2 protein chains.
Amino acid sequence: MAMIVSGEQTPIARKISTHAVIRTVMANGPISRADIAKRTGLSKQTISEVVRDLEQDGWLKPTGRTDGRPGRTAITYELDAAAGLAVSIDLGGTKIAAAICDLLGNIVAELKVPTDRRGGIHLVEQFCRTISDLNALAGTSSDSLRLIVLGTPGVLDPATGHIHAAPNIPGVEAINLRQLLSETLDIPVIIENDVNLAAEGERWRGHGIDVDNFAFVALGTGTGMGIIANGALLRGARGAAGEISYLPIGGDPFDPGGFNLGTFETAVGSMAMTRRYVGFGGRQGATVADLFNAFECGELSAVAAIEETARLTALAIAAIGATLDPELVIMGGSIGARPELVEAIRRYLPRCTPDPPRIEISHFGNRAALIGGMGIAVDHMHDDLFGVDLGEP
Amino acid sequence: MAMIVSGEQTPIARKISTHAVIRTVMANGPISRADIAKRTGLSKQTISEVVRDLEQDGWLKPTGRTDGRPGRTAITYELDAAAGLAVSIDLGGTKIAAAICDLLGNIVAELKVPTDRRGGIHLVEQFCRTISDLNALAGTSSDSLRLIVLGTPGVLDPATGHIHAAPNIPGVEAINLRQLLSETLDIPVIIENDVNLAAEGERWRGHGIDVDNFAFVALGTGTGMGIIANGALLRGARGAAGEISYLPIGGDPFDPGGFNLGTFETAVGSMAMTRRYVGFGGRQGATVADLFNAFECGELSAVAAIEETARLTALAIAAIGATLDPELVIMGGSIGARPELVEAIRRYLPRCTPDPPRIEISHFGNRAALIGGMGIAVDHMHDDLFGVDLGEP
DNA sequence: CTCATTTGTCAAGGTAATGGACAAATCGTG
DNA sequence: CACGATTTGTCCATTACCTTGACAAATGAG
């Protein structure tokens, strides 16, 4: 009923001090208490108290001593990485990638398994098995896991976490995957669109470091985009921000047939690409890999197919640029990350938009979403543990 | 050098309490000290002290007493609106609108003058004259002004405030309007794109209240869009977010001729509309107003011109929707706010995009940017006066 | 070994917030 | 009109946190 501004137990002032100490330690690596005092402006006394509490609770640990300078040697402290472990899972149509990471974002264990094609409830079981495999691999225990971040294809409701449309994975629209997994393992689960996670991955440790406005464009079987705007993930009102499948580019958007897949996806998805290749005179039944091989050999129909895809993608990036004004567009996905395609896009872009954004190929390739999940997990653990909430009247 | 976490003079704890009190008073109107205590969770004693300090500094003032309920009557306090005044200026190609508002966002004085066509430095002089006219009108003094928010057309550099392209106003690209005005009057000046301000206006007190994701689309002589994403203004990397003039819609984006105005603006600006009207057989030399009059009379060429503009705008909104997933699109500008056009857009939209956003006509019409400037000014004054900064190591 | 230098602890003092007691002021009711 | 119930606002003692200054501990340089 009444708003509580000071925390339930720990008073607000000590919370803020603790927060400042943690942030200083995280930003400056192994560091002595005296140094923390200088950087935070708090007194040595206070720092000693806060550090003692944090060490008792297992968050900080002494890691070494200073030397080489005059004066008494100082004990240096560091975040105890093992104090918080999290799992990141990237659920794909054919494969599941999963990893355990610690509080500092170090990868402790990582593995990949084929997706259980039965989908639905069987996926929950598979996740649990995979997590226990990861624990065995890393020598950790399920008890020390604090959080699971799950990346899936499809549009997610920002509020409930319900998956609206995931064409490649059967039986996930009927169940609440997030809730089921969370209740089974008794751990909080964050669910997020996989392309959004890929964008987060690039922001965390890829090309997007220190870039406040960029987009991750994925082209593969389907199309999608993750947006970082003002330094944060942009989900939109219904979680459908970045659903570029429906861009009115590459076809007639008023054609009711385009509603199933979306105009843009119909024009540049892998189906469209091979169809176009065949249309230009390429070999019947060719896959996208065949197409790029043919391009390598200089086959004209392959060149034409890729050029057209690049032209349409450049138009899409122009539309995105006119809306979001990103500094950078990162290309990913089995098609989008191909250097030949990206090179062609770079050629087309300045011809259809003034002041085009920089174009880069994903730094993490198909691991971007997995990495992004870890980034979110680490940020979330930090917020959870050390965040300061001022309340909202 | 050293990071100061606690404020220079006022300790952090008192700052937070003060902040909580201010927010509670702002949110709950006239309110007694006991009530503040209940809502914030702080003790009555603390509230009394904080309120006494705030009253001494002129921020709060007692406004009345409670009655009608059992128990001792309470003195109710309110923000002293006159403690902070700000100016909002909307610089247009033909007119300048300006207003003074107080800390609560009440409009104290408002006026409109024709823009000095000589532009450049003369605008600074005109702003100063207008502000002193406003002061005379409101009976206030220049000394109590804390902030000026200036809205202009064109793309602004988010860092420097430099105006990059403002076709309607001569001589503003060569000078730093923000800096000049700020130095002349010795008041901080915030400069912002006018369509962004219009979006802020709708967010503050228009259709965008409590809507975290929406876009304000302006169609008139030119085209533009202001974006509220995640509840905040989206400027993009170079301040060009929402520059929908360059959307690759309504023409061939690879046509080098489209670079001057942008493909979309070339297709739906007022020039394009009248040209299209004439092309469909309308009267030579007709203005946009004539066109809408003709539509009113059921003239087929006018109907066709408006239908085509609506069709293209629906496509643009589809593209914006695929990127941003707004809950709402607010239409503004001399053309965009026309009900006939909006009605047509509403008809076209479901045919080219699934799950289309709500479409509304601007709540403030051509005053939206002026109102938005006030909203920003009020928010900024609040942050300035009562914001809590935790520092950043 | 001695001195300068830096680290870390101890003790004392100050500020802000809490909680309880209590006076002040008002409404409702007999 | 008096009295109890109720709410407001102040006073006082106590607690929690942070700071200052003094001082012991530990180390490199000469």
Side-chain angles (χ1 to χ4, degrees), chain A residues 1-21 24-25 28 30-56 60 62-77 388 390-391, chain B residues 2-21 24-25 28 30-55 60 62-77 388 390-391:
Chain A
M1 176 63 71
M3 289 297 311
I4 306 296
V5 164
S6 45
E8 285 301 322
Q9 294 302 327
T10 316
I12 186 94
R14 173 55 64 96
K15 246 192 181 169
I16 293 174
S17 303
T18 305
H19 186 237
V21 168
T24 308
V25 173
N28 303 84
I31 189 175
S32 72
R33 279 173 287 178
D35 204 358
I36 299 173
K38 276 181 211 140
R39 284 170 192 273
T40 57
L42 295 161
S43 68
K44 289 190 291 179
Q45 173 68 0
T46 304
I47 300 299
S48 281
E49 285 173 28
V50 170
V51 167
R52 190 190 334 111
D53 290 354
L54 284 171
E55 194 181 348
Q56 258 171 20
L60 289 185
T63 51
R65 313 184 132 267
T66 56
D67 67 338
R69 292 189 314 163
R72 175 174 167 177
T73 55
I75 303 170
T76 55
Y77 289 83
V388 178
L390 298 180
Chain B
M3 289 298 309
I4 306 296
V5 163
S6 44
E8 286 301 319
Q9 296 300 327
T10 317
I12 186 90
R14 174 52 65 97
K15 246 191 182 169
I16 292 174
S17 302
T18 306
H19 185 238
V21 168
T24 307
V25 173
N28 303 85
I31 189 175
S32 73
R33 278 173 289 177
D35 205 358
I36 300 174
K38 275 181 213 139
R39 285 169 192 274
T40 58
L42 295 161
S43 68
K44 289 190 290 180
Q45 172 69 1
T46 304
I47 301 299
S48 280
E49 286 173 27
V50 170
V51 167
R52 192 194 327 116
D53 290 355
L54 284 170
E55 192 181 352
L60 289 185
T63 50
R65 313 184 132 265
T66 56
D67 67 339
R69 290 190 313 161
R72 174 173 168 178
T73 55
I75 305 171
T76 55
Y77 289 83
V388 177
L390 298 180

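Computed from heavy atoms alone, side chains included, the values below leave out hydrogens, waters and symmetry copies. Convention: sequence-line order gives letters A, B, ...; per-chain numbering from 1. Owing to the predicted nature of the structure, the values given are computational and were not obtained by experimental measurement.
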Within the structure provided, determine whether A:Val25 and A:Leu60 are in side-chain contact (heavy-atom separation under 4.5 Å).
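Yes; the side chains approach each other to less than 4.5 Å.
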Heavy-atom side-chain contact between B:Thr24 and B:Ile31 under 4.5 Å:
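B:Thr24 reaches B:Ile31 side chain to side chain.
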Can you figure out which of [options] approaches the side chain of [X] most closely?
| X | options | value |
| --- | --- | --- |
| B:Ser17 | C:dA17, D:dT19, D:dT8 | C:dA17 |
| A:Ser43 | D:dG9, C:dG8, D:dT19 | D:dT19 |
| A:Ser32 | C:dT7, D:dT10, C:dA16 | C:dT7 |

[X] has an atom [atom1]; how far is it from atom [atom2] of [N], in whole Å?
| X | N | atom1 | atom2 | result |
| --- | --- | --- | --- | --- |
| B:Glu55 | D:dG9 | CD | P | 12 Å |
| A:Ile75 | D:dT27 | CD1 | P | 10 Å |
| B:Arg14 | C:dT15 | CZ | P | 12 Å |
| A:Ile31 | C:dG8 | CD1 | P | 11 Å |
| B:Glu49 | D:dG9 | CD | P | 15 Å |
| B:Ile16 | C:dT18 | CD1 | P | 12 Å |
| A:Ile47 | D:dT20 | CD1 | C1' | 15 Å |
| B:Lys44 | C:dA21 | NZ | P | 12 Å |

Looking at [X], does any N or O in its side chain come under 4.0 Å of the phosphate oxygens OP1/OP2 on [N]?
| X | N | value |
| --- | --- | --- |
| A:Thr46 | D:dT19 | yes |
| B:Lys38 | D:dT8 | yes |
| A:Ser48 | C:dT9 | yes |

Identify, with sequence neighbours excluded, every residue that meets side chain to side chain contact (heavy atoms under 4.5 Å, CB included) alongside A:Ser48.
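Partners of A:Ser48 by the side chain to side chain contact (heavy atoms under 4.5 Å, CB included) criterion, ordered by chain and then number, come out as A:Arg33.
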Residues in side chain to side chain contact (heavy atoms under 4.5 Å, CB included) with A:Ala34, at least two apart?
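In terms of side chain to side chain contact (heavy atoms under 4.5 Å, CB included), with neighbours along the sequence ignored, A:Ala34 is linked to A:Ser32.
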Partners of [X] by side-chain hydrogen bond (donor to acceptor under 3.5 Å, both in side chains), sequence neighbours excluded?
| X | result |
| --- | --- |
| B:Glu55 | none |
| B:Arg65 | B:Thr73 |
| B:Thr76 | B:Thr63 |

Give me the distances for all protein-to-nucleotides 25-29 of chain C N/O pairs that come in under 3.5 Å?
{"from": "C:dA25", "atom 1": "N3", "to": "B:Arg72", "atom 2": "N", "distance (Å)": "3.3"}
{"from": "C:dT26", "atom 1": "OP1", "to": "B:Thr73", "atom 2": "OG1", "distance (Å)": "3.4"}
{"from": "C:dT26", "atom 1": "O2", "to": "B:Gly71", "atom 2": "N", "distance (Å)": "3.3"}

Touch check for A:Gln45, heavy atoms < 4.0 angstrom, all strands: base, sugar-phosphate only, or nothing?
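Here A:Gln45 touches the bases of the nucleic acid.
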